[in-house]
There are 2 protein chains.
Amino acid sequence: MSYANDMPTVEKVVRSDAGLASELRLSVMRLRRRLAVERHPDNELSINQMSVLGVLARRGAMSVGELATAERVQPPSMTRTVNCLEESGDVVKRPHETDRRQIVVEISEQGRGRVAADRDRRDAWLARCLLELTPAERAILRRAAPILDNLAQKD
Amino acid sequence: MSYANDMPTVEKVVRSDAGLASELRLSVMRLRRRLAVERHPDNELSINQMSVLGVLARRGAMSVGELATAERVQPPSMTRTVNCLEESGDVVKRPHETDRRQIVVEISEQGRGRVAADRDRRDAWLARCLLELTPAERAILRRAAPILDNLAQKD
DNA sequence: GTAACTCATTACCCGTGCTAACTATTCCTG
DNA sequence: CAGGAATAGTTAGCACGGGTAATGAGTTAC
């Protein structure tokens, strides 16, 4: 398995499997920290709120508990996030039709508009960085993203 | 550029470059959240503190400012982290030899012991997850990690 | 019909990032 | 060489976002 010809920019490669876990963990933490800083200034929603809004836009209305599971967060945390989104008018809460314990959260028209309007701009920084990479590097990240997400979903 | 033969497990691939930024961002955030939960219960140090300790173990003593830059954090944040590490006895602070404005932070024997003893265990969860991946997937992550770290270092 | 369970919430705590303002030191410049 | 600018670190204070524990409302099972 020779990759030498299509990785001109980044030479450093983590070799051992033991080290991979460490390196990957640190890389993910640093990049996340970097990303948290880069949100668009005229967007008053946090990255977590936008993430939840994105889930609702993609997968449709769901309960608070389902949202918490999807984002790998405890229910109280999601309650707070959802409350913020309701306050800003980006989601609406309504009771579940049959099970009145549950609260169904649905993205509002404003929220959907925000997602649509923001989609192109909110990733500006990362997208710009990605353009500076080589096509081969982008290809690696394109394949790595779903693997990372898979890891995040493991028990 | 055909990768089809070495990606059996994860089929989903982010296709557009615009979508890549979004997907990568969300994947990184979710995995980081997952990782934050997985720290070893009998380790009283946070993941950030362990990260700083790891940098000191790998690259040797450095100033607070250099540490802040390395971890992509503002100086006050690193001051607090270093103070915690000093309080737990994992680092020692000493004045810079020539420039007395600077404070040089050095890992202590206890800190080095903690890093060494912890190295095998602190990544247990991620390492275990990694073992469940195919060799091809691990190869992707092995190449992705430095790219992600590179992204985190961009302006 | 009551006990056990589930979903969401409230209250509270902690870690960790930030900015602004301050002190101490060093550097630069007239 | 004096004095202002620049740099390193710290302190203080704020915000966000995670967590657990406890509570209330609703459902399910016995």
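Values below: all heavy atoms of this structure, side chains included; hydrogens, waters and symmetry mates excluded. Sequence lines set the chain letters: A, B, ... in the order given, protein chains first and strands last, and positions in each chain run from 1. Note that this is a predicted model, so its numbers are computed, not measured.
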Please name all residues satisfying salt bridge (charged side-chain N to carboxylate O under 4.0 Å, His left out) with B/Glu66, sequence neighbours left out, ordered by chain then number.
none

Taking only nitrogen or oxygen atoms into account, show me every contact under 3.5 Å that the protein makes with nucleotides 3-7 of chain D, one pair per line with its distance.
| unit_1 | atom_1 | unit_2 | atom_2 | d |
| --- | --- | --- | --- | --- |
| D/dT7 | O4' | B/Arg101 | NH1 | 3.4 |
| D/dT7 | O2 | B/Arg101 | NH1 | 3.0 |

Shortest side-chain distance from [X], nucleotide among [options]:
| X | options | result |
| --- | --- | --- |
| B/Ser63 | C/dG15, D/dG17, D/dG9 | D/dG9 |
| B/Val64 | D/dG9, D/dG17, C/dT16 | D/dG9 |
| B/Asp99 | C/dT26, C/dG17, D/dG18 | C/dT26 |

Find the distance between [atom1] ([X]) and [atom2] ([Y]) and round it off to the nearest 0.5 Å.
| X | Y | atom1 | atom2 | value |
| --- | --- | --- | --- | --- |
| A/Arg112 | A/Glu106 | CZ | CD | 7.5 Å |
| B/Arg142 | B/Leu130 | CZ | CG | 9.0 Å |
| A/Leu24 | A/Leu148 | CG | CG | 6.0 Å |
| A/Leu53 | A/Thr81 | CG | OG1 | 11.5 Å |

Can you name the nearest heavy-atom pair linking A/Cys84 to A/Gln49, along with the distance?
CB-NE2, 3.1 Å

Is it the case that the side chain of [X] and the backbone of [Y] share a donor-acceptor pair, with hydrogens and angles ignored and the cut-off at 3.5 Å?
| X | Y | answer |
| --- | --- | --- |
| B/Ser63 | B/Val104 | no |
| B/Ser77 | B/Val73 | no |
| B/Ser51 | B/Ile47 | no |

Enter the inter-axis angle for the ends of the helix from C/dG1-D/dC30 to C/dG30-D/dC1 (five pairs per end, rounded to 10°).
10°

Any ion pair linking A/Glu71 and B/Arg33 (charged N to carboxylate O, less than 4.0 Å)?
yes

Among residues 74-86 of chain B, which contact DNA chain C at a heavy-atom distance under 4.0 Å?
B/Gln74, B/Pro76, B/Ser77, B/Arg80

If you pin A/Gln49 and A/Thr98 to their nearest nucleotides in DNA chain D, which one's is more 5'?
A/Gln49

For B/Asp99, the side chain to side chain donor-acceptor pair (under 3.5 Å) test, sequence neighbours excluded, returns B/Arg101, B/Gln102

Looking at residues 88-95 of chain A, who's got a heavy atom less than 4.0 Å off DNA chain D?
none

What I want to check is whether the side chains of B/Asp90 and B/Ser88 have a donor and an acceptor closer together than 3.5 Å.
yes

